[in-house]
Asker: 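I am attaching a structure below and will ask some questions about it afterwards.
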There are 2 protein chains.
Amino acid sequence: MRKPTIKDVAKLAKVSISTVSRVMNSPGSVIENKRNAVLAAIEQLEYKPNALARGLIYKKTNTLGVVIPDIRNPYYADILRGMEDASKRLGYNLIICNTDRDKKRLFSYLNSFYERQVDGILYTSDPVYPDYYNELMRLKIPVMLVSTHSMEYELPSVKIDDEQAAYDAVAYLIASGHRKIGMIGFDLTDSIAGLTRYHGFIRALREHDLDECKSNIVYVNDWSYDTPDAAAQLMAKCPDVTAIFTASDELAMGLLCYLNERGISVPEQISVIGFDNIRLSHIMIPKLTTVAQPSYRIGSRAVEKLNTIIEQGEDTVLREYLPHEIIVRASTRSWRG
Amino acid sequence: MRKPTIKDVAKLAKVSISTVSRVMNSPGSVIENKRNAVLAAIEQLEYKPNALARGLIYKKTNTLGVVIPDIRNPYYADILRGMEDASKRLGYNLIICNTDRDKKRLFSYLNSFYERQVDGILYTSDPVYPDYYNELMRLKIPVMLVSTHSMEYELPSVKIDDEQAAYDAVAYLIASGHRKIGMIGFDLTDSIAGLTRYHGFIRALREHDLDECKSNIVYVNDWSYDTPDAAAQLMAKCPDVTAIFTASDELAMGLLCYLNERGISVPEQISVIGFDNIRLSHIMIPKLTTVAQPSYRIGSRAVEKLNTIIEQGEDTVLREYLPHEIIVRASTRSWRG
DNA sequence: GTGAAAGCGCTAACAG
DNA sequence: CTGTTAGCGCTTTCAC
């Protein structure tokens with residue numbers, strides 16, 4: 001029942017283990033009849049090289065570690081899928097870990113990545129706080145920030161321009177004639193999905209002389225499952241809004257649900273624009289207008305970049321921004337002031 | 001920049017590498033002052049043992065491989081989350097692979113699992129076809145079937161009783177007074193989520209003398225993203241149904257979307273009951289009645305079972321069934337015949 | 001108690 | 001071209 005090793009193959013093929021090793025790594029350097037004997041033995045024993053032993057020597061495991069807040073969040077699931085496909089293409093396997101944005105959990109996983117000698121780390125969780133950065137540096141393992149970035153530190157990243165994307169969403173609403181606009185955003189302590197999108201919202205308002213809307217905003221912690229509750233808070237705060245921008249499609253779905261229950265029709269009475277373009281957004285009621293992130297591409301691009309860093313030591317572009325796009329569907333309409 | 005090894009620690013602590021090894025594995029057997037010296041050296045160098053080297057010796061990698069159709073499917077995402085939490089608790093890491101239900105892709109990943117010496121495999125994809133079974137057996141690695149099972153082969157599994165769950169869903173509709181019932185199901189070639197739920201549907205009809213509804217069914221291949229399309233097909237086939245059972249919540253969401261566009265109100269004109277109880281089902285419009293699978297628990301239980309098989313060689317219960325439950329929300333109502 | 005040495009499975013000089 | 005040998009980093013006898 002023991003798995004066959006290179007020795008077993010060598011014995012069966014009546015050659016030395018180095019010859020077996022050669023037929024696997026540089027077949028041309030082995031004379032044909034011996035090579036065939038080895039190949040036959042490999043076939044017969046169903047031999048497959050032990051990746052641990054190889055990894056020990058090559059100091060390369062072809063494994064990437066990924067830390068992600070929660071795989072159940074469809075936005076991250078899309079990114080992960082992009083990572084996975086690119087990884088398969090480039091010969092890596094992914095060790096995926098959910099951090100729940102918890103520091104202990106994150107550090108514990110990073111430690112495990114180190115021990116397992118992963119070739120690189122895909123960091124898709126939270127901004128990079130100073131102590132996180134230190135921990136990451138201690139590991140001496142290439143890191144790629146995904147859907148997050150850092151201006152303080154020289155860490156490579158792939159993401160969209162969140163500030164601009166939020167700006168575009170709100171500007172779209174304004175261009176459609178809306179003058180009373182609200183927002184459901186993520187906590188401002190989240191400097192990536194929270195603060196930046198808030199900034200985009202504010203900038204759009206200011207540039208269009210709508211400063212009075214500045215306080216029409218409600219925040220949720222991370223990926224709240226009580227999204228209708230956030231909607232309720234916002235509507236209590238500013239009942240007269242005609243359009244709402246949400247920082248995620250989940251939030252938008254909760255909002256849609258809340259408005260529907262209150263008998264407020266979308267988009268007739270209130271327009272809603274989401275963020276992310278998750279796969280379900282086109283079967284929401286009504287179909288959701290949203291700013292699309294190239295989530296899958298963010299994931300795959302991140303792996304590609306990480307791979308070039310692993311192989312070449314560095315990459316040309318440090319902070320890479322992928323284009324976002326507004327997908328107009330049925331949840332928004334123009335407002336006849 | 002090289003990672004410190006046990007040798008570095010030994011040198012710094014002025015002891016042999018065996019002593020270092022001992023303080024890590026049986027600290028009691030090392031005299032105190034030496035132990036402290038070693039501990040100090042470990043601290044100073046930030047030394048962490050190389051899991052590859054250890055794995056080579058112990059023949060245990062504390063890694064589990066999981067094959068799953070598509071991580072973007074929220075049902076599987078929930079299962080994965082359960083797996084992940086249990087894995088963390090039990091000291092494993094997960095290598096997650098999306099198969100897209102593609103045989104080549106699956107086999108390629110299984111092969112990679114073998115080479116990487118994973119301690120066990122979580123198989124959450126497709127029924128176990130004969131050639132899949134053979135491949136699995138060749139690996140000589142413990143396998144756990146998750147949300148799928150096999151009656152032909154002696155493979156351990158964790159899932160719900162799909163036939164009964166579907167039966168219960170349909171029986172619930174019937175008990176609510178519905179007599180014209182339709183179903184959107186998965187392809188019957190899918191012996192797990194397709195065939196069994198179809199059987200449950202049929203049995204419920206037969207036991208309640210509703211055989212005339214037997215053909216009110218439409219099938220989709222796997223997790224179709226054109227769920228509204230399937231809904232359209234069903235409504236064309238049997239426009240007079242008053243209740244529809246869908247084999248997944250995604251399908252239900254697509255149906256809800258389609259019905260809404262056609263101006264057919266749910267549940268007033270048509271009741272809808274889904275399957276899975278994904279996290280979003282409680283913010284659908286209307287909130288979805290569904291048969292809940294304990295998805296998270298299925299994932300965590302699977303890891304627990306696999307762990308006992310890995311550690312003890314076998315488990316008490318081979319095929320384990322977890323309870324399902326009907327969650328009544330707003331998408332169904334009783335029918336006054 | 002502790003160091004020397006063998007070995008996990010494999011690759012990579014190094015001779016021949 | 002191919003076998004022998006020396007490791008990769010760590011654990012584990014086996015003597016001392």
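Below, each value reflects all heavy atoms present in this structure, side chains not excepted, and no hydrogens, waters or symmetry copies. Order of the sequence lines fixes the chain letters, A, B, ..., with proteins taken first and strands second; residue numbering starts at 1 for each chain.
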Asker: Which of parallel (below 30°), tilted (30 to 60°) and perpendicular (above 60°) describes B:Tyr133 and B:Tyr153?
Answerer: parallel
Asker: Considering non-hydrogen atoms only, spot the tightest contact between A:Arg116 and B:Thr61 and give its length.
Answerer: NH2-O, 2.6 Å
Asker: Could you write nucleotides 4-13 of chain D as a row of B, S and -, 5' to 3', where a protein heavy atom under 4.0 Å of any base atom gives B, of only sugar-phosphate atoms gives S, and otherwise -?
Answerer: B--BBBBBBB
Asker: Name the residue from A:Arg297, A:His149, A:Met144 that meets the side chain to side chain contact (heavy atoms under 4.5 Å, CB included) definition with A:Val158.
Answerer: A:Met144
Asker: Just to confirm, is there a sub-4.0 Å distance from OP1 or OP2 of D:dC1 to any side-chain nitrogen or oxygen of A:Lys34?
Answerer: no
Asker: How many whole angstroms separate atom NZ of A:Lys60 from atom C1' of C:dT11?
Answerer: 16 Å
Asker: Ring of B:Phe107, cation from B:Lys103 - is the NZ or CZ under 6.0 Å from the centre and inside 45° of the axis?
Answerer: yes
Asker: Using a strict 4.0 Å threshold on nitrogen-to-oxygen distance, state whether A:Asp85 and A:Arg89 make a salt bridge.
Answerer: no
Asker: Can you measure B:Ile31 atom CD1 to C:dG3 atom C1' for me and round it to whole angstrom units?
Answerer: 15 Å
Asker: Rounded to whole angstroms, how far apart are NZ on A:Lys11 and P on C:dG9?
Answerer: 12 Å
Asker: If you compare all heavy atoms of A:Tyr47 against all heavy atoms of A:Ile6, which two are closest, and at what distance to 0.1 Å?
Answerer: CE1-N, 3.5 Å
Asker: Let me know the distance between CD of B:Glu115 and P of C:dT11, rounded to the nearest Å.
Answerer: 11 Å
